[in-house]
Amino acid sequence: MVAYDLAEGKETGLISWARAKSPWILHFNTGSCNGCDIELVASLSPRFDLERFGILQKGSPRHADVLVATGPVTRQAKNRLLRIYEQMPSPKSVIAIGSCATSGAPFNGSYNVYEGVDNVIPVDVYISGCPPKPEAIIHGLLTLIQNWGKKQRQQ
Amino acid sequence: MVPQEIVTLLQVFLFPGFLFLFCLAFFSDWMDRKLVAKFQNRYGPLYTGPKGILQPVADFFKLLAKEDIIPIAADKTVFSVVPMLVLALSMTPLFLIPMIDYSALIWFEGDLIVIMFITTLVIVAMFMGAWASTNRFSTIGGMRVGLQMLGYEIPMTIAMIGPAISSKSLSVSGIVQSQAVGIWYVITQPLGFAVALICLLAHLQRVPFDVPEAESEIVAGWLVEFSGKKLALLKLSKNFELVLAGSLLVSLFLGGPLGFWLPHPSVYFFLKLIVCIFILSNLRALFARFRIDQVLEGAWKYLTPLALLQIILVVI
Ligand code: SF4
């Protein structure tokens, strides 16, 4: 069912179509100030409606495809983030939302944070902003979906 | 003339059979999601196929292609068998429902009782799955599945017996045929219809009664450990349950595939099914979740006496 389109360097076929059309997200707060969380919730709400793209928010890591992490990873959240990442079935991706999750931003150099999600688990897409607008979050998610096939080919 | 065996095979596999039921399940899921989105002033699935109609198909194939995790602590046999069991059990009663004709594909005197029995077995299978996955959330969810069944099972059965008493037949096809000559039972038994609707909502674990999978309390309830293929099958069986609930309401209370002016009875059945799914989604978008004790209390204090009252009215 899975074939590679060599010209585009993308995975084609039914499975990758299905994968691109229904990415379910799992939201995990790794020590955010709640600004990014509210923006993520806003992008799921009627005004921006992420469900248009088939994106649903799921409660259980076992059901999710994309882990959405917000906030610099605090020392307390690190093990939980790792565990949740391990619990997700592959193929899985990670999105870091907000400046904190990207680089630690205001908490850079702090004694209790890991300064970014990518110091703990591999990240696919970074969305900057403090907090990023819902439009930016949607753009980031769609960029991730468009690049899925390419990423899997390189591996 | 085509031989009878080939016609029967085609019926089982294509038209009112497997293929049609799969399409119906996906369609009802799409319609449900779209309706709830409309009630909440959203668009719902939009870019997957025309108006997002292929969204449930995409979800299904994506889940089929995902990694299938079996937790170390889980009871592996039961954990793997339960999704298939639930799917088979929720699909079987659909063959007993008359969809394109006045009599179903398979029917015999007493198939209403078989349908009720199978809907109970589904719950037992769900409970087993929840128990086998040995997760604290799924265990709570499984207990709630069982508890909720203790609440709604009795009034649902009583409400469904109403049409059987007035038509003097214990088969769904017989009930439909008796409505062909009389009037629809929703007019003579409005109470029974309401009770059956509420109880089916509880059976489907939809929003006012979604205690077994309350997302904000116990993550995903009894579904929490299922991933990949197993989750795909369980989601599909939920859609079959939705179709079954709708078609039970249609055939017991709304006259099944009976119509006057449309070319084929199945069109009529389909329209009524859409109306029933509309009502179920409507309720889902309007209400907030009850607590498990409120569900049980409501079922025993209000639904059961109402269903009994309906039976008494029918007998008199
Ligand atoms: S990026 Fe800004 S809004 Fe987001 S968690 Fe950090 S400080 Fe809060």
Side-chain angles (χ1 to χ4, degrees), chain A residues 1-3 11-28 37 41-67 80 83-93 134 138 141-142 145-146 148-149 152, chain B residues 29-30 33-34 36-49 51-72 74 133 135 137-138 141 210 213-232 234-235 285:
Chain A
M1 288 263 191
V2 179
E11 202 184 321
T12 56
L14 180 65
I15 303 287
S16 58
W17 169 78
R19 218 166 256 162
K21 289 297 185 189
S22 90
W24 289 351
I25 62 173
L26 172 75
H27 172 209
F28 183 49
D37 308 292
V41 173
S43 59
L44 287 161
S45 68
R47 187 163 183 125
F48 297 98
D49 191 20
L50 273 178
E51 203 190 351
R52 281 180 299 153
F53 308 101
I55 299 175
L56 288 181
Q57 195 180 14
K58 288 283 153 183
S60 162
R62 299 264 194 239
H63 303 177
D65 306 294
V66 181
L67 174 62
R80 284 149 207 188
R83 199 183 306 159
I84 283 181
Y85 183 69
E86 294 296 333
Q87 278 172 346
M88 283 168 62
S90 62
K92 55 191 166 188
S93 316
I138 294 173
L141 274 164
L142 293 184
I145 294 165
Q146 277 161 7
W148 251 343
Q152 274 155 8
Chain B
D29 186 29
W30 169 77
R33 277 174 74 171
K34 204 77 179 165
V36 173
K38 281 273 181 285
F39 287 130
Q40 295 174 345
N41 238 339
R42 293 187 289 125
Y43 277 105
L46 196 62
Y47 298 120
T48 320
K51 299 252 172 215
I53 198 164
L54 292 178
Q55 188 62 52
V57 186
D59 289 349
F60 183 68
F61 282 112
K62 180 208 72 176
L63 285 173
L64 276 188
K66 279 199 77 123
E67 186 190 356
D68 194 357
I69 300 176
I70 300 180
I72 295 177
S133 48
N135 178 306
F137 296 119
S138 72
D210 68 334
E213 47 186 86
E215 210 177 2
S216 46
E217 297 167 30
I218 48 170
V219 189
W222 66 275
L223 280 167
V224 81
E225 286 287 355
F226 292 95
S227 61
K229 288 186 213 67
K230 303 194 173 72
L231 185 64
L234 287 172
K235 289 254 172 231

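In what follows, chains carry the letters A, B, and so on, assigned in the order in which the sequence lines appear, proteins first and then strands, with residues in each chain numbered from 1.
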Counting only N and O atoms by type, is there a donor-acceptor contact under 3.5 Å from the side chain of B/Lys34 to the main-chain atoms of B/Pro45? yes

Can you tell me if A/His63 uses its side chain to pair, donor with acceptor, with the backbone of A/Gln57 under 3.5 Å? no

Most contacts with chain A, counted as non-hydrogen pairs under 4.5 angstrom, among B/Val57, B/Asp59, B/Asn41: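 Heavy-atom pairs under 4.5 Å are most numerous for B/Asp59.
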
Heavy-atom distances under 4.5 Å only: say whether [X] touches chain A with side chain, backbone, both or neither.
X        : result
B/Glu225 : both
B/Leu63  : side chain
B/Phe60  : neither

Smallest separation among heavy atoms of A/Ala64 and A/Pro89, with atom names: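 That would be O-CD, 4.0 Å.
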
Could you work out, with ring-ring contact (aromatic ring centres under 6.0 Å, His included) as the rule, every residue matching A/Phe48, not counting sequence neighbours?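 For A/Phe48, no residue satisfies ring-ring contact (aromatic ring centres under 6.0 Å, His included) once neighbours in sequence are set aside.
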
ring-ring contact (aromatic ring centres under 6.0 Å, His included) partners of B/Tyr43, counting only residues at least two apart: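 ring-ring contact (aromatic ring centres under 6.0 Å, His included) check on B/Tyr43 returns nothing, list empty.
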
Side chain, backbone, both or neither: which part of A/Ala20 has a non-hydrogen atom closer than 4.5 Å to chain B?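 Neither the backbone nor the side chain of A/Ala20 comes within 4.5 Å of chain B.
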
Against chain B, label A/Leu56 side chain, backbone, both or neither, depending on which of its atoms sit under 4.5 Å from a heavy atom there.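 Side chain only.
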
